Every structure is written in C-alpha cells, then in structure tokens.
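Working notes for the structure below.
What you see is a predicted model, and the numbers here were worked out from it, not measured in a lab. Sequence lines set the chain letters: A, B, ... in the order given, protein chains first and strands last, and positions in each chain run from 1.
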There are 2 protein chains.
Amino acid sequence: MIPSQMLKGILEGCVLGVISLRETYGYEISQTLAQYGLGNITEGTIYPLLLRLEKNKLVTARYLESAQGPKRKYYALTPAGQQEFTQFQESFDALSGAVQQLFSACAVQQKQQGEDL
Amino acid sequence: MIPSQMLKGILEGCVLGVISLRETYGYEISQTLAQYGLGNITEGTIYPLLLRLEKNKLVTARYLESAQGPKRKYYALTPAGQQEFTQFQESFDALSGAVQQLFSACAVQQKQQGEDL
DNA sequence: GATAAGTATATTGTAATACAAGATAGTGCG
DNA sequence: CGCACTATCTTGTATTACAATATACTTATC
C-alpha cells in the first residue's frame with residue numbers, strides 16, 4: 001500500500017491525467033486510480049479534490065444522466081488543466097529521478113557494508 | 001522546482017536514505033538533498049522532521065564538536081529506521097511505477113488525438 | 001572591537017491536503 | 001420493504017512543508 005502522505009500533491013496530478021484520458025466522473029476516477037495501483041482513493045478525498053480543480057478552472061463539469069444510479073458529474077480538462085498536467089509530469093519526473101539517484105547511492109553503500117563483514 | 005506538496009511523505013524517506021549513507025547532521029542533510037535535486041529544504045522543514053524521526057526511534061542522535069560554528073547533532077539510523085527506509089523504497093517504487101504507467105496511457109491518448117486532426 | 005557572514009539548531013504559526021465518517025439520493029433485486 | 005450498488009457532497013481531523021524568527025558559535029572585515 002502506498003501511504004496516504006506520499007500521495008499528497010501527486011494525487012491531484014494523477015486525477016488530471018485520468019481526466020485527460022477521457023471525460024469521466026468522480027466515482028469512475030476513483031476506480032481508475034485503483035486500477036493503476038494508486039490505492040483506494042475514497043470519496044472524502046476525490047470529491048473535495050474535484051471541486052478544487054473546478055474552482056481553479058483546471059476542469060469543467062457537466063451533469064449527465066446515468067442508466068443506473070443518480071446523475072453523474074462529468075469532468076473534462078481545460079487548456080489550463082492540460083498545461084498543469086504537463087507541468088506535473090515534468091515535476092514528477094524530476095522528483096522520481098532525484099529519488100532513484102539517492103536510492104542507487106544507498107544501494108552501493110549497503111553493498112559495501114555487506115562486503116566489509 | 002519540485003512543488004512542496006509533492007514532497008509530503010517523500011521527504012522523510014529521503015532523509016532516512018541520506019542518513020543511511022553516513023552519520024550526518026541537519027544542516028548537511030539539507031545540502032545533500034539539494035545536491036540530489038530535491039529542492040531547497042529549509043530549516044523549518046528539516047529540524048522538525050529530524051526531531052520527529054528521533055521521537056519515533058527511527059534515528060539516534062549525538063552532539064559532536066565542530067571546527068567551525070556551534071555543535072552539530074549527528075544522526076544515525078536505528079534498525080527500525082533502516083527497515084522503514086526499505087519499506088519507503090518499496091512504496092516509492094510502487095507509486096513511481098503506477099504514475100509512469102498512467103503517463104504512458106496519457107501519451108498514447110495525446111498522440112491519437114494529434115493524429116485525428 | 002564592532003559588524004557581518006557563514007555555520008548550526010530549534011520553535012511557532014500557517015497552509016495544503018488525504019481521509020474517515022456520515023448525509024443524501026437514485027436504481028434494482030430478493 | 002430492506003439491502004446492495006452507484007453516485008455526490010460536507011465536516012472534522014491529522015499530517016506535514018515552510019516562512020519567520022530566535023539563539024549561538026566562529027571567522028573575516030572594517
């Protein structure tokens with residue numbers, strides 16, 4: 001399981017990514033994230049996040065009927081949202097690269113300590 | 001620049017990693033993190049984090065004299081800290097893998113939309 | 001010897017955000 | 001009707017990165 005603290009700031013970018021795949025709604029986004037292995041994102045997380053994105057004009061929303069259950073609120077990226085997602089990708093790649101480099105240094109160090117025994 | 005929100009929960013694991021490289025102190029850890037490209041982690045971030053690690057028995061601390069400036073507080077990993085770092089590496093790899101997979105799907109989608117023009 | 005810069009640790013308060021818990025509501029099945 | 005599944009939203013809480021500030025030691029500069 002990915003710790004919830006580790007998701008901070010990353011989840012928002014991932015949600016933008018999921019929406020970029022196609023117009024979708026909160027409940028489905030939560031399931032899609034789980035499929036990608038990003039953990040079980042609950043309603044208390046996803047809906048405030050979506051309202052925040054909408055308020056910040058990164059996504060637009062419209063209600064559509066559903067064959068089963070209540071109306072769904074479908075989200076789509078705005079140009080600003082697309083730009084924000086591109087920037088998130090760059091930031092995450094930078095972060096990921098830096099952390100991987102640190103991990104490599106730690107692995108080397110551990111190997112040396114093992115050889116010293 | 002890596003956004004500060006993206007560091008949440010990741011910074012702690014990275015600090016454990018830096019300490020695993022060698023016994024070190026707050027000021028130097030901050031500089032080491034910057035060298036790895038993890039941004040400028042300020043005092044207001046690093047010292048509370050180190051106190052937290054110490055309180056949670058993930059690191060031990062001892063004061064040593066410095067040739068220049070006041071005493072330094074050197075930190076070393078406990079077995080629990082080493083274990084926590086290993087777990088952090090697994091979690092981060094899982095997260096990183098999931099996000100990269102999402103990015104790939106988004107890239108495919110963008111390429112298709114481009115071809116549709 | 002006063003002043004500033006670099007080294008070093010710590011505290012307080014603030015903002016961002018993931019999540020649990022619970023409310024509301026529609027559909028379909030036994 | 002009650003239960004499960006679908007679907008959205010709100011409230012309150014905990015975590016945590018960071019700015020700002022305080023403290024203190026050493027060395028160099030004026």
Side-chain angles (χ1 to χ4, degrees), chain A residues 1-16 19 23-34 38-56 58-59 61-75 84 88 91 95 98, chain B residues 1-16 19 23-34 38-56 58-59 61-75 84 88 91 95 98:
Chain A
M1 258 296 293
I2 297 171
S4 73
Q5 286 301 323
M6 200 179 280
L7 285 173
K8 294 214 177 211
I10 290 171
L11 191 57
E12 180 177 315
C14 290
V15 168
L16 288 173
I19 296 173
E23 195 177 19
T24 182
Y25 54 99
Y27 196 80
E28 193 181 46
I29 291 171
S30 165
Q31 293 174 323
T32 304
L33 289 170
L38 286 161
N40 190 28
I41 310 303
T42 60
E43 301 92 339
T45 300
I46 204 78
Y47 291 112
L49 196 161
L50 287 168
L51 291 173
R52 202 162 69 227
L53 293 178
E54 194 180 356
K55 189 178 149 205
N56 294 339
L58 299 178
V59 299
R62 57 173 178 155
Y63 286 95
L64 292 177
E65 297 291 339
S66 165
Q68 42 183 4
K71 283 186 182 178
R72 297 169 177 167
K73 193 172 176 183
Y74 280 84
Y75 294 92
E84 180 80 9
F88 166 71
S91 295
L95 171 70
Chain B
M1 258 296 293
I2 297 170
S4 74
Q5 285 301 322
M6 200 179 278
L7 285 172
K8 295 217 177 208
I10 289 172
L11 192 55
E12 181 176 314
C14 290
V15 168
L16 288 173
I19 296 173
E23 196 178 19
T24 182
Y25 54 99
Y27 195 80
E28 194 181 47
I29 291 170
S30 165
Q31 294 174 325
T32 304
L33 290 170
L38 285 161
N40 189 29
I41 311 303
T42 62
E43 301 92 338
T45 302
I46 204 77
Y47 292 111
L49 196 162
L50 287 168
L51 292 173
R52 202 163 69 227
L53 293 178
E54 195 180 353
K55 190 178 148 204
N56 295 338
L58 299 177
V59 299
R62 58 174 177 154
Y63 286 94
L64 293 178
E65 297 292 337
S66 164
Q68 43 182 4
K71 283 185 180 177
R72 294 168 178 166
K73 194 171 176 183
Y74 280 83
Y75 294 91
E84 180 81 9
F88 166 71
S91 295
L95 170 69

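- The heavy-atom pair separating B:P48 from B:G44 by the smallest distance is CG-O, 3.2 Å.
- Between the CG atom of A:L11 and the P atom of D:dT15 there is a distance of 19 Å, given to the nearest Å.
- Side-chain contact between B:I29 and B:T32 is absent, with no heavy-atom pair separated by less than 4.5 Å.
- When side chains are defined from C-beta on, B:K71 counts as touching B:E65, because their heavy atoms get closer than 4.5 Å.
- Across all their heavy atoms, A:Y47 and A:Y27 have their closest contact at OH-N, 3.6 Å.
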Heavy-atom protein contacts under 4.0 Å, nucleotides 3-15 of chain C, coded B base, S sugar-phosphate only, - none: ----BSBBB----
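- Regarding B:I10, its CD1 atom lies at a distance of 18 Å from the P atom of D:dT15, rounded to whole Å.
- With rounding to whole Å, A:I29 atom CD1 is found 11 Å from D:dC9 atom P.
- Atom CG of A:L53 and atom C1' of D:dT8 are 15 Å apart (whole Å).
- As a whole-Å value, the separation of A:E12 CD from C:dC19 P is 14 Å.
- Here the P atom of nucleotide C:dA25 and the CD atom of A:E65 are 16 Å apart, to the nearest Å.
- Among the atoms of the strands shown, none is found under 4.0 Å from any heavy atom of B:I46.
- Between A:R52 and the phosphate of C:dA18, there is a side-chain N or O to OP1/OP2 separation shorter than 4.0 Å.
- Inter-residue side-chain proximity for A:L50 and A:Y75 is flagged as met; some heavy-atom pair is nearer than 4.5 Å.
- For the pair B:R72 and B:E23, the salt-bridge criterion is not met [side-chain N within less than 4.0 Å of a carboxylate O].
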